Amino acid sequence: MGKEIQKQPQPQQQQQPATSYTVEQLVALNPYNPDILPDLENYVNEQVMTGSYSLDANLCLLRLYQFEPERMSIQIIARILIKALMAMPASDFSLCLFLIPERVQMEEQFKTLIVLSHYLETARFRQFWEEASKNRHILEAVPGFEEAVQSYAVHILSLTCQRVPRAVLAEAINIEGLALDKFLEQQVTECGWLLEKSSGKGQIIILPRNEFNHPELKKNTADSIQLEHITRIFPILG
């Protein structure tokens, strides 16, 4: 349940008791009321601290910034965009960016986030991690960012590959050596991955069968994904 906000009673002939609202309720009831702007900013910081996420609340805040540009917080916008990147493969980043003025997007940290978004959308993970390493001062503001991207990379590989060379996985999730060994042990135990050695080619990871990496499996159209999201990942295998 979202953070609760105390709504102050309005002056009336007969005073009503204060009412407690969640942020989600405030967004639903007063989406264009600038009075809720501080509550939404605090809620962004709460999402950062707790690892929670609310796209609707964040979009509402960005819309309010459009009407109240003098109250815009660059720090809050950056945190919203980083949280949106962590939600990939959802299109949250594009939805948020659409509500941010172009002049703000031209600031260096936002240009960096846009580049990182492009690398993730096209599964250019090596370039992504190289760029991210140069901009840790931006990304470290939101705990769990690296882990979220690693989960996204594994998700993309699982949609397109049956067998993944260790080197390809290492590049995609930016983990090597003993840390990668530990990661693989966890995936074998929890996700059903299999490991095998191929002579002269190093370790091969066999991913669980699904309707996307094994075409012979019948696809459930209700759960299908757009072809464009599949084709974006092919550069990683190049």
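Remember, predicted model here, so these are calculated numbers, not experimental data. Note: hydrogens, waters and symmetry copies are ignored here, and every other heavy atom, side chains too, is used.
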Connected to Leu194, directly or through other members, by ILVMFWY side-chain contacts below 4.5 Å are Ile206
Closest heavy-atom contact between [X] and [Y]?
{"X": "Pro165", "Y": "Ile205", "answer": "C-CD1, 4.1 Å"}
{"X": "Ala132", "Y": "Leu139", "answer": "CB-CD1, 3.7 Å"}
{"X": "Arg71", "Y": "Pro34", "answer": "NH1-O, 3.5 Å"}
{"X": "Cys96", "Y": "Leu55", "answer": "SG-CD1, 4.0 Å"}
{"X": "Phe125", "Y": "Glu171", "answer": "CB-O, 4.1 Å"}
{"X": "Cys161", "Y": "Leu207", "answer": "O-CD1, 3.6 Å"}

Do [X] side-chain atoms and [Y] backbone N/O form a donor-acceptor pair below 3.5 Å?
{"X": "Gln150", "Y": "Ile173", "value": "yes"}
{"X": "Asn45", "Y": "Asn42", "value": "no"}
{"X": "Lys182", "Y": "Gly177", "value": "no"}
{"X": "Trp193", "Y": "Leu184", "value": "no"}
{"X": "Gln187", "Y": "Gly192", "value": "no"}
{"X": "Asn135", "Y": "Glu131", "value": "yes"}
{"X": "Thr22", "Y": "Gln25", "value": "yes"}
{"X": "Glu68", "Y": "Tyr65", "value": "no"}
{"X": "Tyr152", "Y": "Leu120", "value": "yes"}
{"X": "Asn213", "Y": "Ser158", "value": "yes"}

Mind checking the [atom1]-[atom2] spacing from [X] to [Y]? Nearest 0.5 Å is all I need.
{"X": "Ile114", "Y": "Met106", "atom1": "CD1", "atom2": "CE", "result": "8.5 Å"}
{"X": "Leu113", "Y": "Ile80", "atom1": "CG", "atom2": "CD1", "result": "12.0 Å"}
{"X": "Ile100", "Y": "Ile74", "atom1": "CD1", "atom2": "CD1", "result": "8.5 Å"}
{"X": "Asp39", "Y": "Asn33", "atom1": "CG", "atom2": "CG", "result": "10.0 Å"}
{"X": "Gln47", "Y": "Met86", "atom1": "CD", "atom2": "CE", "result": "10.5 Å"}
{"X": "Met49", "Y": "Glu46", "atom1": "CE", "atom2": "CD", "result": "6.5 Å"}

Does some side-chain heavy atom of [Y] sit less than 4.5 Å from a side-chain heavy atom of [X]?
{"X": "Glu196", "Y": "Gln203", "result": "no"}
{"X": "Leu99", "Y": "Gln66", "result": "yes"}
{"X": "Asp181", "Y": "Arg166", "result": "yes"}
{"X": "Leu97", "Y": "Phe110", "result": "no"}
{"X": "Leu169", "Y": "Leu180", "result": "yes"}
{"X": "Met88", "Y": "Glu121", "result": "yes"}
{"X": "Ile36", "Y": "Leu64", "result": "yes"}
{"X": "Leu195", "Y": "Ile204", "result": "no"}

- Report the C-alpha separation of His137 and Gln109 in whole Å, then their side-chain angles, then the decisive distance to 0.1 Å, and conclude whether the side-chain contact (heavy atoms from CB on, under 4.5 Å) test is met. CA-CA 10 Å; His137 61 288; Gln109 63 177 324; over 6 Å; no
Notebook entry, point to check: How are the rings of Phe145 and Phe128 set relative to one another: parallel (under 30°), tilted (30 to 60°) or perpendicular (over 60°)?
Noted result: tilted
Next on the checklist: Check Glu146 with Arg136, please: is the shortest side-chain N to carboxylate O separation under 4.0 Å?
Outcome noted: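 Between Glu146 and Arg136 there is a salt bridge, with a charged N closer than 4.0 Å to a carboxylate O.
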Charged N-O contact under 4.0 Å between Glu108 and Lys111 =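 Result for this pair is yes, salt bridge flagged.
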Worksheet item: Can a donor-acceptor pair be found between the side chains of Tyr43 and Asn58 at a distance below 3.5 Å?
Response: no
Starting from Val27, can I reach Phe98 by hopping between I/L/V/M/F/W/Y residues whose side chains sit under 4.5 Å apart?
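Yes.
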- prompt: Please walk me through it: do Glu130 and Arg126 pass salt bridge (charged side-chain N to carboxylate O under 4.0 Å, His left out)?
  reply: CA-CA 6 Å; Glu130 289 175 354; Arg126 178 177 59 80; 3.3 Å; yes
Glu107 CD: over 12 foreign heavy atoms closer than 6.0 Å |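 Counting neighbours around CD of Glu107, more than 12 heavy atoms of other residues, nucleotides or ligands fall under 6.0 Å, so yes.
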